[in-house]
Structures are given as structure tokens and as C-alpha cells.
Amino acid sequence: MAMTNREAFRKGFKAGIPIGLGYFAVAFSLGIAAKAVGLNAVQGFIASALNIASAGEYALFTLIGASATIVELILVTLVANGRYILMSCALGQKLSPELSLGHRFGVGFFITDEIFSLCVSQEGYLNPFVSYGAAAFSVPMWSLGTAMGVIAGEILPVRVVSALSVALFGMFIASFIPPTRKNKVLLGAIPCCFVLSFIASKLPWVGDLSEGSRSVLLTIIIASALAFAFPVKDEPEDSAVEGKEVTE
Amino acid sequence: MNAYVYILGMFVVTLAIRVLPLMILRKPIKNRFLRSFFYYVPYVTLSVMTFPAIINATQSPLAGAAALVLGIVCAWFGANMMTVSATCCVIVFVLEFFVA
């Protein structure tokens with residue numbers, strides 16, 4: 001039995017509350033990064049409302065700080081937000097073939113790591129209003145958090161700012177560490193990434209690149225090498241729908 | 001270049017990434033190399049962006065390094081995103097009492 005749109009929205013909204021609270025905290029530290037490259041609260045708010053992407057926006061701010069070129073911006077965006085391509089493909093499988101293009105656009109617009117996990121875990125075809133409900137609270141919190149981070153970054157003592165600035169990295173760590181428990185390739189790959197990233201930052205030519213471009217370069221090289229050496233197993237038809245990949 | 005140009009530039013590319021596959025493709029990516037590549041991309045990018053940047057983000061590099069190690073330990077033992085982030089913040093705050 002299908003949910004009504006109102007029920008679906010309410011369901012999504014409820015799930016969006018903890019997501020939104022987490023977003024606020026992380027976005028706050030993103031706001032500090034935005035402030036560091038000279039953005040004001042309005043710019044921080046707009047950047048977050050439009051992009052809704054932690055790693056992507058962090059990269060965006062480092063690019064602004066480095067006065068990067070448009071080509072760099074596009075490349076960095078493709079890499080930092082590239083995982084949304086996969087999520088978008090997977091979510092496409094969860095939608096009724098009759099769903100209008102407008103709703104497909106709407107569902108795609110709000111793809112974030114968290115909203116995606118919520119959407120793919122729904123039973124049967126996804127009612128787009130689950131996604132809208134989740135976004136209704138969490139996306140404003142994300143944007144507001146960024147703006148508050150920019151403002152408070154000016155007021156707070158430098159030691160507090162220093163402590164808060166690692167919140168974002170904490171979120172990154174919480175995303176790439178848990179899968180290493182189940183995936184030996186990732187378990188070996190992460191330390192290699194650290195070492196290579198460190199070496200790259202010290203190399204004469206690569207070290208002079210902006211942080212964003214260096215990440216792109218490293219990601220393309222390392223992810224290609226991993227995909228070549230350890231291709232992921234072909235999965236059964238419907239596991240793409242669950243957004244899970246297994247390599248063993 | 002104006003900051004809004006960067007913000008809008010990322011918006012356009014990100015929107016295309018999020019929306020186009022969903023609107024055009026209704027089948028999963030078949031190519032094995034591409035699927036593997038996309039599978040590894042988020043983990044590689046996030047780890048490359050974390051280190052050594054986390055060490056340069058704090059007043060004292062030592063505090064950043066400690067946050068990295070403790071964050072990894074917490075995440076390994078199943079702490080959620082909020083807990084990992086909060087732990088990293090607290091350890092930096094406490095350590096910089098002594099070293100900064």
C-alpha cells in the first residue's frame with residue numbers, strides 16, 4: 001500500500017531532524033573555513049544552500065582562497081562530488097518509471113550522503129516526498145550552520161576556532177573509516193592515501209598546486225589504480241538499489 | 001574572480017552530477033572499471049583531503065595529529081559522525097591548553 005505524499009513527507013521530515021542537527025554542527029566548522037578565505041555569512045549561506053556538500057564546499061573554499069581557475073573548479077567539483085553520480089544512478093532504480101521528470105529533478109537536487117541512505121532504505125519505489133521531507137529541515141540547518149560559523153568564527157577565541165575547525169575532518173573520518181572494517185582493500189588503501197597525500201604536498205611541482213587540484217590528481221591516480229588492481233565484484237541486479245558494493 | 005562565480009560554478013556542476021544520471025539513465029553503470037573507480041573515489045578523496053590538512057588546520061600540528069588518531073579510533077569502533085567530530089574538537093581544545 002502506497003503512502004500518501006503527506007505521510008511520506010512527514011516520514012522524511014522526522015528522519016531529517018537528527019540529520020539536520022548533525023549538519024548544523026559540521027556546517028558550523030565549514031563556515032569557519034569559509035570565513036578563513038574571506039567569505040561573508042550571506043555567501044556562506046548561499047554556497048551551502050545551493051551545494052549541500054561538505055567535501056565539495058570545503059574544496060570550494062580552498063579554491064576561492066587559492067584564486068583557482070574555472071577549469072580547476074570544474075575538475076575539483078567532479079572529483080569531490082563525483083560520488084553523487086553513483087548515488088544518482090542508484091536512486092534512479094528506486095523511482096517508479098512513471099515518475100515525472102520534475103520529481104526526478106527534485107530527488108536528485110537533494111542527494112546528500114545522508115538523504116541518499118535514507119531514500120535507498122525505503123521499501124519499494126521511493127516516494128519523492130520522503131526526500132523532500134528530509135531536506136525540509138536538514139538543508140536549512142546546513143545553510144544556517146554555515147552562516148553561523150562565518151559569524152561566530154569572528155567572535156570566538158582563536159583556540160575555540162582551532163578546535164572546531166577539525167569537526168569537518170571528523171566527519172570525513174567517520175565516512176571513510178567504517179567501511180575499512182569490512183573491506184581489506186580500503187583498509188590498506190587509506191594509509192597509502194595518507195602517505196601519498198603527504199608526499200605530494202612536499203613534492204616540488206605537485207606541492208605548489210592548490211589543495212583542491214592536488215586532491216583531484218591524487219584521487220584520479222589512486223582510485224584508477226585501485227579500480228584496476230581490485231575491481232569490485234559484479235553485483236546481483238538489485239544490490240545497486242541498496243547502494244551497497246562488496247569487493248570480496 | 002568573484003566568490004559568487006565559484007559558488008555558482010560549483011552549483012551548476014554539482015546539480016548536473018546529481019540530477020542528470022537520475023533523469024537520463026535508468027540503468028546502473030555496467031562498465032566494471034568505471035563502477036570500481038566510482039566506488040573508490042569517495043574514500044580516496046576524503047582521506048586525501050583529511051591528511052595532512054588536519055594537521056595544518058589547528059594551531060598546533062600535534063593537536064591535529066592527535067585528533068586524527070583519536071577520530072580514526074572512534075570511527076573504527078563504530079561511533080557515529082557527531083561523536084567522531086565532537087571527539088576531534090575536544091581533543092584539540094584540551095591539548096592546545098598545554099602545547100599552544
Side-chain angles (χ1 to χ4, degrees), chain A residues 22 39 43 46-47 50-51 53 55-56 60 63-64 70 73-74 77 79-86 88-89 91-92 101 104-105 108 111 159 162-167 169-178 186 190 193-194 197-198 201 215 218-219 222-224 226-227 231-232 240 245, chain B residues 1 3-4 6-7 9-11 13-15 17-23 25-26 28-29 32-33 35-54 57-59 64 67-68 71-72 75-76 78-82 84-90 92-93 96 100:
Chain A
L39 294 195
Q43 290 168 326
I46 294 174
L50 293 180
N51 291 304
L60 171 69
L63 287 173
I64 293 175
I70 272 290
L73 175 72
I74 293 170
T77 305
V79 169
N81 293 339
R83 65 188 182 285
Y84 297 136
I85 299 173
L86 263 195
S88 184
C89 292
L91 262 190
L101 277 183
R104 285 181 176 268
F105 183 93
I111 293 177
R159 284 198 34 244
S162 177
L164 287 172
S165 63
V166 294
F169 296 113
M171 204 193 80
F172 292 170
I173 294 169
S175 327
F176 67 70
I177 291 297
L186 286 177
I190 301 291
C193 288
F194 280 178
S197 173
F198 181 77
S201 71
S215 309
L218 282 167
T219 303
I222 299 171
S224 300
L226 287 171
V232 298
E245 306 247 16
Chain B
M1 220 163 32
Y4 284 109
Y6 288 97
I7 293 170
M10 176 164 284
F11 171 58
V13 178
T14 306
L15 187 64
I17 284 174
R18 278 187 171 127
V19 167
L20 288 183
L22 213 151
M23 291 172 81
L25 273 179
R26 301 190 183 186
I29 300 171
R32 200 172 179 206
F33 177 82
R35 276 200 306 116
S36 308
F37 179 76
F38 282 127
Y39 170 77
Y40 289 117
V41 160
Y43 305 114
V44 173
T45 311
L46 291 176
S47 55
V48 161
M49 282 170 79
T50 299
F51 189 81
I54 191 169
T58 49
Q59 299 284 104
L68 175 67
I72 289 175
W76 178 267
N80 63 25
M81 185 193 95
M82 279 293 287
V84 175
S85 280
T87 307
C88 292
C89 293
V90 169
V92 169
F93 190 75
E96 290 192 344

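Here is the naming used below: chain letters follow the sequence lines, and residue numbers restart at 1 for every chain. Values reported hereafter were calculated over all heavy atoms of this structure, with side chains retained and with hydrogens, waters and symmetry mates removed.
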Between A:Ile111 and B:Leu22, is a side-chain contact (heavy atoms from CB on, under 4.5 Å) present by the stated rule, with each step listed? CA-CA 10 Å; A:Ile111 293 177; B:Leu22 213 151; 4.0 Å; yes
I need the [X] [atom1] to [Y] [atom2] distance, nearest 0.5 Å.
X       : Y        : atom1 : atom2 : value
B:Met49 : A:Leu218 : CE    : CG    : 12.0 Å
A:Ile64 : B:Met10  : CD1   : CE    : 8.5 Å
B:Ile7  : A:Leu63  : CD1   : CG    : 12.0 Å
A:Asn51 : B:Thr14  : CG    : OG1   : 5.0 Å

Where [X] and [Y] come nearest, the two heavy atoms and their spacing:
X        : Y        : value
A:Ala174 : B:Ala75  : CA-CB, 4.1 Å
A:Val232 : B:Arg35  : CG2-NH1, 4.0 Å
A:Leu186 : B:Tyr39  : CD1-OH, 3.7 Å
B:Ser47  : A:Phe194 : O-CE2, 3.3 Å
B:Ser85  : A:Ala167 : OG-O, 2.7 Å
A:Ala227 : B:Ser36  : CB-CB, 3.5 Å

Side-chain contact test, heavy atoms from C-beta onward, threshold under 4.5 Å: evaluate it for [X] versus [Y] and give yes or no.
X        : Y        : value
A:Ser224 : B:Phe33  : yes
A:Thr219 : B:Tyr40  : no
A:Ile222 : B:Tyr43  : no
A:Phe172 : B:Ile54  : no
B:Ile72  : A:Ile190 : no
A:Phe105 : B:Leu15  : yes
B:Phe11  : A:Ile46  : no

Run B:Val48 and A:Phe176 through side-chain contact (heavy atoms from CB on, under 4.5 Å) and show every step you take. CA-CA 11 Å; B:Val48 161; A:Phe176 67 70; over 6 Å; no
Discussion item. Please enumerate all residues that pass side-chain hydrogen bond (donor to acceptor under 3.5 Å, both in side chains) together with A:Ser162, with sequence neighbours excluded.
Written reply: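 Partners of A:Ser162 by the side-chain hydrogen bond (donor to acceptor under 3.5 Å, both in side chains) criterion, ordered by chain and then number, come out as B:Glu96.
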**Item:** A:Leu50 portion near chain B, given a 4.5 angstrom heavy-atom threshold
**Value:**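 Its backbone and side chain both get close to chain B.
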Measuring heavy-atom distances to chain B, does A:Leu226 have an atom under 4.5 Å in its side chain, in its backbone, in both, or in neither?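 Backbone plus side chain of A:Leu226, per the 4.5 Å heavy-atom cut-off to chain B.
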- Quick one: of B:Val84, B:Thr50, B:Thr87, who has the most non-hydrogen atom pairs under 4.5 Å with chain A?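 Option with the top pair count is B:Thr50.
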Out of B:Asn80, B:Val90, B:Leu68, B:Leu20, which one racks up the most heavy-atom pairs below 4.5 Å with chain A?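 Highest number of pairs under 4.5 Å: B:Leu68.
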A:Arg159 side-chain N/O to B:Phe93 backbone N/O, donor-acceptor pair under 3.5 Å:
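Here the side-chain-to-backbone pair exists.
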Under the rule for side-chain contact (heavy atoms from CB on, under 4.5 Å), what residues qualify as partners of B:Val13, not counting sequence neighbours?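 B:Val13: side-chain contact (heavy atoms from CB on, under 4.5 Å) contacts with A:Ile74, A:Thr77, A:Leu78, B:Ile17.
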* **Portion of B:Ala79 that has a non-hydrogen atom of chain A nearer than 4.5 angstrom** =>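 Nothing of B:Ala79, per the 4.5 Å heavy-atom cut-off to chain A.
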